[in-house]
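Written below as structure tokens is the structure these notes are about.
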Amino acid sequence: MSRFRQNPITGDWIVLAPERSERPNAFLDDAREPGPGQCPFCPGNEGMTPPEILRVGRDPWRLRLVPNKYPAVSTGSAFEANGALAAGSGHHEVLVESHEHGITIDRVRTEDVAAAVAICRDRYAKLTEADRGHVAIFKNHGRAAGASISHIHSQILSLPFVPQRIREETAGFARAPECPLCSPSAGDLIASGRHFRWIAPAFAASPYQQWIVPLEHAPNLGRLSDAAASELAELLQRSVRAMNGLSPELAFNWMFLNFHQPRCHWYVEIAPRLTTLAGFELGTASGIQIVDPARAARELREGM
Ligand SMILES: [Zn+2]
Ligand SMILES: [Zn+2]
């Protein structure tokens, strides 16, 4: 059972889930990769994951959604604030985006990546209703980005509270006289389509950070059309190709930033892991940008 503990100074919650240290590869210097036949996300090993929630395709399947075997949250979680305990609930799911071990997301069929985006949209809607807090959707690619299993997958994690970053950004959207993401001035354009703009935000704190921003104002991806899901899939794949152009097999995270208030505008943040958070970043929650985002946009545009 995981617990949520609150920082009395900031009001932030953390998830205390010691069971997750039992995962294979839980720690960064622990580089054991499951051997052949041992990967829980490979066909034939379906019994190594909890019973699946859904799959797309048969013989072999193309995508599989399963509960996380080592969940950070569960229906039996508990809030722990000022010594008081209260029940909380959450869900932690893994979306395996291909049966092929070793394939990277840029080489998966775009229609399957689009199906993965559509599954994220549908689970977002379902879990938001079930847990009434926040649903985090993210991908960790590479050890430096926190992936403990190399077989491609994303994670969907619902929390019974709204975390700090989402609360702060929600307040920012509420304060702004006009939606900052409806204005094209938020960053340097890398590419755009009918539904999204792919930009390097001018204020990005880490090198080559990118945002994919829907052109239509919406607080979350809950009502994303299938056509928009396809375009997003294509842009995510182009982004990964462009990052590989900078440095092959670059570790990265992508995060879907979803909100609940109508004044907010959702987006996807893609963050290559080229630098480590150091004392300044940890001590200030600020950053020192070493690559001008205008240059990052130009290089990513040329590299895709
Ligand atoms: Zn595998
Ligand atoms: Zn907007």
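Computed from a predicted structure; not experimentally measured. Basis for what follows: all heavy atoms, side chains included, without hydrogens, waters or symmetry-related copies.
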Handout entry: Under 4.5 Å side-chain linkage, directly or through intermediates, the cluster mates of Leu277
Key =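 Leu277 shares its hydrophobic cluster with Leu282.
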Practice task
Show which residues join Met48 in its hydrophobic cluster (side-chain heavy-atom contacts under 4.5 Å, direct or indirect), or state none.
Solution key: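 Answer for Met48: none, a lone residue.
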Exercise for the section: Quick one: do Glu46 and Trp61 satisfy side chain to side chain contact (heavy atoms under 4.5 Å, CB included)? Show the steps, please. Expected result: CA-CA 11 Å; Glu46 287 84 354; Trp61 49 265; 2.7 Å; yes
Considering only NZ, NE, NH1 and NH2 on the basic side and carboxylate oxygens on the acidic side, decide whether [X] and [Y] come within less than 4.0 Å.
| X | Y | result |
| --- | --- | --- |
| Glu97 | Lys139 | yes |
| Asp188 | Arg295 | no |
| Lys126 | Glu93 | no |

How many angstroms lie between [atom1] in [X] and [atom2] in [Y], if you round to the nearest 0.5 Å?
| X | Y | atom1 | atom2 | value |
| --- | --- | --- | --- | --- |
| Gln155 | Leu95 | CD | CG | 10.5 Å |
| Cys39 | Ile149 | SG | CD1 | 6.5 Å |
| Gln210 | Leu300 | CD | CG | 4.5 Å |
| Ile53 | Arg64 | CD1 | CZ | 10.0 Å |
| Ile270 | Leu236 | CD1 | CG | 5.5 Å |

Exercise for the section: Apply the test side chain to side chain contact (heavy atoms under 4.5 Å, CB included) to residues Val15 and Phe4: give CA-CA distance (whole Å), side-chain angles for both, the deciding distance (0.1 Å), then the verdict. Expected result: CA-CA 5 Å; Val15 183; Phe4 305 108; 3.8 Å; yes
Practice task
Could you go through the side chain to side chain contact (heavy atoms under 4.5 Å, CB included) check for Ile156 and Leu127 one step at a time?
Solution key: CA-CA 9 Å; Ile156 303 169; Leu127 296 177; 3.9 Å; yes
Problem - Non-neighbouring partners of His134 that pass ring pair (Phe, Tyr, Trp, His ring centres under 6.0 Å), sequence neighbours left out - result: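 Expected list: His260.
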Practice task
Would you please indicate yes or no on a ring centroid separation below 6.0 angstrom for Trp198 and Phe196?
Solution key: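 Aromatic pair excluded; centres sit 6.0 Å or further apart.
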Practice task
Check the surroundings of atom CZ in Arg107: do more than 12 heavy atoms from other residues, nucleotides or ligands lie under 6.0 Å from it?
Solution key: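 Yes, CZ of Arg107 has more than 12 neighbouring heavy atoms, counting only those of other groups under 6.0 Å.
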Practice task
Give a yes or no on whether Leu16 and Leu159 share a hydrophobic cluster (residues Ile, Leu, Val, Met, Phe, Trp, Tyr; joining criterion: side-chain heavy atoms under 4.5 Å apart).
Solution key: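 As far as the 4.5 Å side-chain criterion goes, Leu159 and Leu16 are not connected within one cluster.
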Handout entry: Candidate pair Gln237 and Thr110, rule side-chain hydrogen bond (donor to acceptor under 3.5 Å, both in side chains), full reasoning
Key = CA-CA 8 Å; Gln237 290 188 299; Thr110 301; 2.6 Å; yes
